[in-house]
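Down below is the structure, laid out as structure tokens.
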Amino acid sequence: MKSIGEIVAQLQALNNAAKLDFYDRLGSHLTISIRSVWSDTSYGDKEKLERIKIINELMHQVFNWTWRLRHHDNTFDDADAFRQIGSYARADKIVGGEIGAALSQSCRLLKLE
């Protein structure tokens with residue numbers, strides 16, 4: 001997989017429709033991440049809930065980004081989005097892995113890897 005900087009550069013070169021496709025897919029894959037966290041029997045409910053909350057907060061951001069792209073809000077910046085993604089991923093090792101998997105799938109589907 002490419003570096004985050006390379007992915008951001010590729011995203012910045014895309015038109016809004018292609019960016020929307022990426023972030024929509026990321027949101028979709030994050031819902032799968034939540035299911036993965038919840039179904040993991042090696043953690044207690046409290047740990048699961050904390051991890052789900054982190055992913056859910058990121059999903060709110062993803063939906064905000066897609067809204068901004070759909071409404072041609074030119075304050076949207078992919079580099080800022082990826083800095084936020086990184087901060088959510090660093091909040092918890094398990095969550096970081098789930099976010100990484102969601103990003104990887106989204107990149108793979110759009111051939112950004």
Side-chain angles (χ1 to χ4, degrees):
M1 187 164 161
K2 294 182 180 180
S3 73
I4 295 297
E6 291 170 318
I7 294 168
V8 169
Q10 283 186 287
L11 279 170
Q12 289 172 329
L14 297 176
N15 62 31
N16 271 12
K19 286 182 186 190
L20 275 167
D21 195 21
F22 173 80
Y23 289 108
D24 282 340
R25 288 173 187 269
L26 178 59
S28 176
H29 290 295
L30 288 171
T31 65
I32 295 166
S33 296
I34 286 177
R35 284 187 228 130
S36 174
V37 168
W38 184 252
S39 64
D40 190 335
T41 58
S42 60
Y43 300 102
D45 288 350
K46 184 177 179 181
E47 290 173 293
K48 291 178 186 182
L49 184 57
E50 286 304 313
R51 290 179 175 135
I52 289 169
K53 281 174 43 180
I54 295 167
I55 297 169
N56 184 60
E57 288 302 317
L58 175 55
M59 289 176 65
H60 286 292
Q61 292 302 316
V62 171
F63 292 129
N64 180 44
W65 302 332
T66 59
W67 185 92
R68 290 168 67 189
L69 285 166
R70 282 189 178 88
H71 291 88
H72 305 285
D73 179 341
N74 51 355
T75 63
F76 177 79
D77 181 59
D78 296 296
D80 287 340
F82 270 74
R83 277 190 285 279
Q84 289 182 46
I85 291 169
S87 71
Y88 287 104
R90 288 186 297 275
D92 180 274
K93 182 180 176 182
I94 301 300
V95 168
E98 292 293 339
I99 291 171
L103 280 171
S104 180
Q105 286 294 324
S106 301
C107 288
R108 187 173 300 119
L109 289 169
L110 292 177
K111 298 179 178 34
L112 296 176
E113 55 182 3

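Only heavy atoms go into these numbers, but all of them, side chains included; no hydrogens, no water, no symmetry mates.
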Can you sort out the partners of A9 under side-chain contact (heavy atoms from CB on, under 4.5 Å), two or more places apart, ordered by chain and number? none
Partner residues of N74 under the side-chain contact (heavy atoms from CB on, under 4.5 Å) criterion, sequence neighbours left out: none
List the atom of [X], the atom of [Y], and the distance in Å for their closest heavy-atom pair.
{"X": "C107", "Y": "I7", "answer": "SG-CD1, 3.8 Å"}
{"X": "Y88", "Y": "Q61", "answer": "OH-CG, 3.7 Å"}
{"X": "K19", "Y": "L11", "answer": "CE-O, 2.9 Å"}
{"X": "M59", "Y": "I34", "answer": "SD-CD1, 3.6 Å"}
{"X": "K48", "Y": "W38", "answer": "NZ-O, 3.0 Å"}
{"X": "W65", "Y": "A81", "answer": "CH2-O, 3.4 Å"}

N/O donor-acceptor pairs under 3.5 Å from side chains in residues 21-28, not counting sequence neighbours:
unit_1, atom_1, unit_2, atom_2, d
D21, OD1, R25, NE, 3.0
D21, OD2, R25, NE, 3.4
Y23, OH, D78, OD1, 2.7
D24, OD1, R70, NH2, 3.3
D24, OD2, R70, NH2, 2.9

So, using side-chain hydrogen bond (donor to acceptor under 3.5 Å, both in side chains) as the criterion, who are the partners of D40 when residues are at least two apart? S42
Once side-chain hydrogen bond (donor to acceptor under 3.5 Å, both in side chains) is applied, do any residues pair with N64, and if so which ones, sequence neighbours excluded? none
If I take atom CD from residue E47 and atom CG from residue L49, how far apart are they, to the nearest 0.5 angstrom? 11.0 Å
So, taking the atom named CG in L30 and the one named CD1 in I54, what distance separates them when rounded to the nearest 0.5 Å? 12.5 Å
Donor-acceptor contacts under 3.5 Å from residues 89-102 side chains, at least two apart:
unit_1, atom_1, unit_2, atom_2, d
R90, NH1, G86, O, 3.3
D92, OD1, R51, NE, 2.9
D92, OD1, I94, N, 2.9
D92, OD1, V95, N, 3.0
D92, OD2, R51, NE, 3.2
E98, OE2, S36, OG, 2.9

Between Y43 and V37, is there a side-chain heavy-atom distance shorter than 4.5 Å? no
Under a 4.5 Å cut-off applied to non-hydrogen side-chain atoms, are H29 and L109 in contact? yes
Run the salt bridge (Lys or Arg N to Asp or Glu O under 4.0 Å) test against E57 and tell me which residues pass, sequence neighbours left out. none
Whether the S104 and R108 side chains hold a donor-acceptor pair (N or O, under 3.5 Å, no angle test) is what I'd like checked. yes
Please enumerate all residues that pass ring-ring contact (aromatic ring centres under 6.0 Å, His included) together with H71, with sequence neighbours excluded. W67
Do F63 and I32 sit in the same hydrophobic cluster, where Ile, Leu, Val, Met, Phe, Trp and Tyr count as joined when their side-chain heavy atoms come under 4.5 Å apart? no
